[in-house]
Amino acid sequence: MSAPDPNNIKVRFAPSPTGYLHVGGARTALFNWLFARRLGGALVLRIEDTDVARSSDEMVEGILTGLRWLGIDWDEGPFFQNQRLDLYRSVSDKLLRSGHAYYCFCTKDELEARRELARGDGRQYKYEGTCRGIVPGEALRRKDAGESCAMRFAAPQDGTTRVEDAVFGQVEFANMEIEDFVLLRSDGQPTYHLSVVCDDIDMAITHVIRGADHLSNTPKQMMIYQALAAPMPVFAHVPLILGTDKSRLSKRHGATSVMAYRDEGIVPQAFRNFLALLGWTPKASPGEKAVEIFRDQEMIAKFSLEDISRSNAVFDRAKLDWFNTEYIRAMPAAELLPLIEQEWAAARIQPDTSDRNGLCTTIDLLKARARNLHDFAVSFAAFFTDEFAIDPAAREKFLADEKVRGLLRELGQRYAGLREFDEGGAEAALRQLAADHDIKAGALINGARVALTGQAVAPSLFAVMVSLGKERTVRRLLAV
RNA sequence: GUCCCCGUCGUCUAGCCGGCCUAGGACAUCGCCCUUUCACGGCGGUAACACGGGUUCAAAUCCCGUCGGGGACGCCA
């Protein structure tokens with residue numbers, strides 16, 4: 001068990017395309033990516049599609065889309081296990097010849113019956129090694145005669161297998177707990193344990209970073225490495241992500257597919273930052289204040305397996321929303337624009353995009369108040385299109401008074417006569433009008449805000465007016 | 001059931017080779033200030049070492065047990 005060559009770091013993300021990229025998988029991918037980028041290693045993407053019946057091309061596409069959305073790129077692959085079956089067969093042959101594996105003729109039904117029996121007695125079932133004693137020649141003869149059989153690994157019956165995990169430390173398993181697991185199904189397809197180990201060896205993976213749900217499988221895989229006399233990778237199991245009730249994250253806790261978060265108006269960088277901090281806390285340099293907002297380079301520079309937590313983490317939507325707010329506020333308008341354009345498309349609004357600079361100025365004005373990308377297509381719609389709805393509650397509160405409406409129309413007329421339309425001039429004209437009619441300026445300000453934006457909440461009113469421009473401001477005031 | 005892992009504010013966590021912890025930060029929450037709305041911002045508050053035994057002058061920190069949660073026990077991955 002020699003240490004991997006530090007100059008040849010290679011990790012992999014190996015999802016199974018039986019579902020979309022979910023948040024747990026995304027975080028595993030992220031940690032692998034962060035680790036590879038930190039150490040200058042390579043990230044391999046490998047699709048584990050040996051369960052043909054449950055895998056689909058659509059899911060593969062969904063996973064790739066999810067990774068790209070998160071900004072996780074890979075250096076090799078995607079490789080598909082289904083195209084590497086020869087490798088698994090040759091390795092299983094080798095295991096068979098060296099006596100580390102044997103053919104098993106027990107049928108699924110027999111196995112199921114025995115499991116059922118054990119359950120009834122309250123015993124744990126473990127394959128009893130029924131076929132282990134069949135001499136190889138006899139087994140081969142039966143197989144050649146057409147008898148259906150699987151191939152099992154002949155697991156050591158005594159001693160212990162110790163996992164040296166980069167996050168969990170030393171974890172020991174008694175070998176007698178481990179049954180002779182299946183390597184090859186009776187249809188010749190490899191099982192997970194065989195294919196991962198074959199690929200991880202063949203692809204020269206140095207660090208296996210994966211979910212903690214695989215920790216108890218690790219001794220089985222280590223046994224295969226040992227039987228093959230192959231160098232052991234470093235294992236690093238990362239704790240799981242839980243729902244708010246501390247049970248495993250599932251649909252009933254909300255979205256589990258990462259693409260759902262794009263659809264919910266989350267900025268990918270924000271999602272990635274949030275995910276990274278779920279189970280990982282970077283070491284703060286002495287005296288440094290703990291910071292939680294990290295852009296790519298900083299996150300990569302700080303990443304380390306040692307700082308990964310051993311306890312499971314609850315997915316906290318409120319904190320994700322906070323990250324989203326922070327990112328929207330901090331990002332340059334030009335970077336936000338493409339994301340916002342997707343929101344417009346989804347909301348079927350078509351702003352005039354010929355004036356990019358003007359658009360960016362408006363986005364800069366609004367972004368401090370946004371909490372979600374949807375805001376740019378919903379509550380801020382009035383800034384980008386004339387087809388916006390007026391919030392009924394806001395209208396009721398600030399535009400119900402006919403006197404106010406009349407004054408707003410008059411304000412529109414005064415604005416129309418202004419040569420220079422800037423914040424100072426717009427404000428002065430409004431305050432003058434209020435004074436002329438002995439009404440509080442606030443009443444006109446609140447009313448104008450609703451008339452101009454359709455909302456009771458918006459940026460500073462006079463900045464809004466300038467952003468909309470004189471022509472639109474006047475038109476909306478006159479129409480009140 | 002068996003094996004493995006985990007257990008600090010509601011949440012993510014710092015601390016955990018014992019004293020510097022009257023347990024720190026962030027999110028959330030509450031209050032005040034700022035203010036043309038809302039947000040931001042500023043200031044302040046509420047809030048945790050699962051429980052029980054040890055060891056020790058001293059335990060969140062070490063040991064044991066209990067309880068709780070999670071994972072694994074498939075010809076799924």
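On a predicted model such as this, the values are computed, not experimentally measured, just so you know. Just the heavy atoms: all of them, side chains too, but no hydrogens, waters or symmetry mates, feed the values below. Chain letters run A, B, ... following the sequence lines, proteins first and then strands; every chain starts at 1.
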Show which side-chain atoms of residues 449-467 of chain A pair as donor or acceptor with protein atoms under 3.5 Å away, not counting sequence neighbours.
from	atom 1	to	atom 2	distance (Å)
Arg449(A)	NH1	Asn446(A)	OD1	3.0
Thr453(A)	OG1	Arg449(A)	O	2.7
Thr453(A)	OG1	Gln455(A)	N	3.1
Thr453(A)	OG1	Gln455(A)	O	3.2
Ser467(A)	OG	Thr362(A)	OG1	3.3

- Message: Once side-chain hydrogen bond (donor to acceptor under 3.5 Å, both in side chains) is applied, do any residues pair with Glu177(A), and if so which ones, sequence neighbours excluded?
- Response: none
- May I ask which nucleotide in the shown strands pairs with G44(B), Watson-Crick or G-U wobble, both distances under 3.5 Å? C30(B)
- Is any side-chain N or O of Arg371(A) closer than 4.0 Å to OP1 or OP2 of A39(B)? no
- Task: Could you give the distance separating U37(B) and C32(B) at their P atoms, to the nearest angstrom?
- Result: 15 Å
- Task: Please determine, for U36(B), whether a Watson-Crick or G-U wobble partner exists with both distances under 3.5 Å, and give it or none.
- Result: none
- Query: Looking for any heavy atom pair under 4.0 Å, which part of the strands does Cys104(A) touch: base, sugar-phosphate only, or nothing?
  - Reply: nothing
- Have a look at Gly211(A) and say if it touches a base, only the backbone sugar-phosphate, or nothing, with a 4.0 Å heavy-atom cut-off. nothing
- Starting from P on A77(B), measure out to CZ on Arg46(A) and report it in whole angstrom. 13 Å
- Under a 3.5 Å limit for both distances, which nucleotide forms a Watson-Crick or G-U wobble pair with C73(B), could you say? G1(B)
- Message: Could you identify the nucleotide paired to C67(B), looking across every strand shown and requiring Watson-Crick or G-U wobble geometry with both distances under 3.5 Å?
- Response: G7(B)
- Note on the structure: In Watson-Crick or G-U wobble terms, with both distances under 3.5 Å, the base opposite C57(B) is G19(B)
- Task: Run through His207(A), Gln221(A), Arg12(A) and flag the one making a side chain to side chain donor-acceptor pair (under 3.5 Å) with Asp200(A).
- Result: Arg12(A)
Below 3.5 Å between N/O atoms, which protein atoms pair up with nucleotides 34-37 of chain B? Just atom names and distances, please.
from	atom 1	to	atom 2	distance (Å)
U36(B)	O2'	Asn446(A)	OD1	3.4
U36(B)	O2	Arg449(A)	NH2	2.5
U36(B)	O4	Ser460(A)	OG	2.8
U37(B)	O4'	Arg449(A)	NH1	3.4
U37(B)	O2'	Ala456(A)	O	3.1
U37(B)	N1	Arg449(A)	NH2	3.4
U37(B)	O2	Arg449(A)	NE	3.4
U37(B)	O2	Ala456(A)	O	3.4
U37(B)	O2	Ala458(A)	N	3.0
U37(B)	O2	Ala458(A)	O	3.1
U37(B)	N3	Ala458(A)	O	2.6
U37(B)	O4	Ser460(A)	N	3.3

- Message: For a quick check of understanding: with a heavy-atom distance under 4.0 Å over all strands, which category does His237(A) fall into, base, sugar-phosphate or nothing?
- Response: nothing
Are there any protein N/O atoms within less than 3.5 Å of an N/O atom in nucleotides 3-10 of chain B, and if so, which ones and at what distance?
none

- Task: Name all pairs fulfilling the side-chain hydrogen bond (donor to acceptor under 3.5 Å, both in side chains) condition that reach into residues 14-26 of chain A, sequence neighbours left out, sorted by first residue then second.
- Result: Ser16(A)-Thr18(A), Tyr20(A)-Glu58(A)
- Message: Using a heavy-atom cut-off of 4.0 Å across all strands, would you classify Leu183(A) as base, sugar-phosphate, or nothing?
- Response: nothing
- Message: Strictly distance-based, threshold 3.5 Å: is any side-chain N or O of Ser247(A) a donor or acceptor partner for the main-chain N or O of Gly243(A)?
- Response: no
- Query: Touch check for Ala150(A), heavy atoms < 4.0 angstrom, all strands: base, sugar-phosphate only, or nothing?
  - Reply: base
- Task: On the 0 to 90° scale, with breaks at 30° and 60°, tag the Phe384(A)-Phe376(A) ring pair as parallel, tilted or perpendicular.
- Result: tilted
- Between G74(B) and Arg115(A), is there an OP1 or OP2 to side-chain N/O distance shorter than 4.0 Å? yes
- Counting only side-chain N and O atoms of Lys283(A), is one of them less than 4.0 Å from OP1 or OP2 of G15(B)? yes
- Sugar-phosphate, base or nothing in reach of Ser186(A), heavy atoms under 4.0 Å: base
- A72(B) OP1/OP2 closer than 4.0 Å to side-chain N/O of Arg248(A): yes
- Query: Once the angle between the rings of Phe105(A) and Tyr103(A) is folded into 0 to 90°, is it parallel (under 30°), tilted (30 to 60°) or perpendicular (over 60°)?
  - Reply: tilted
- Item | Interatomic distance at C1', A72(B) relative to U11(B), whole Å | 27 Å
- Once base and sugar-phosphate atoms are separated, protein heavy atoms under 4.0 Å mark nucleotides 41-50 of chain B, 5' to 3', with B, S and - as S---------
- Can Glu427(A) and Arg431(A) be counted as an ion pair, charged N to O under 4.0 angstrom? yes
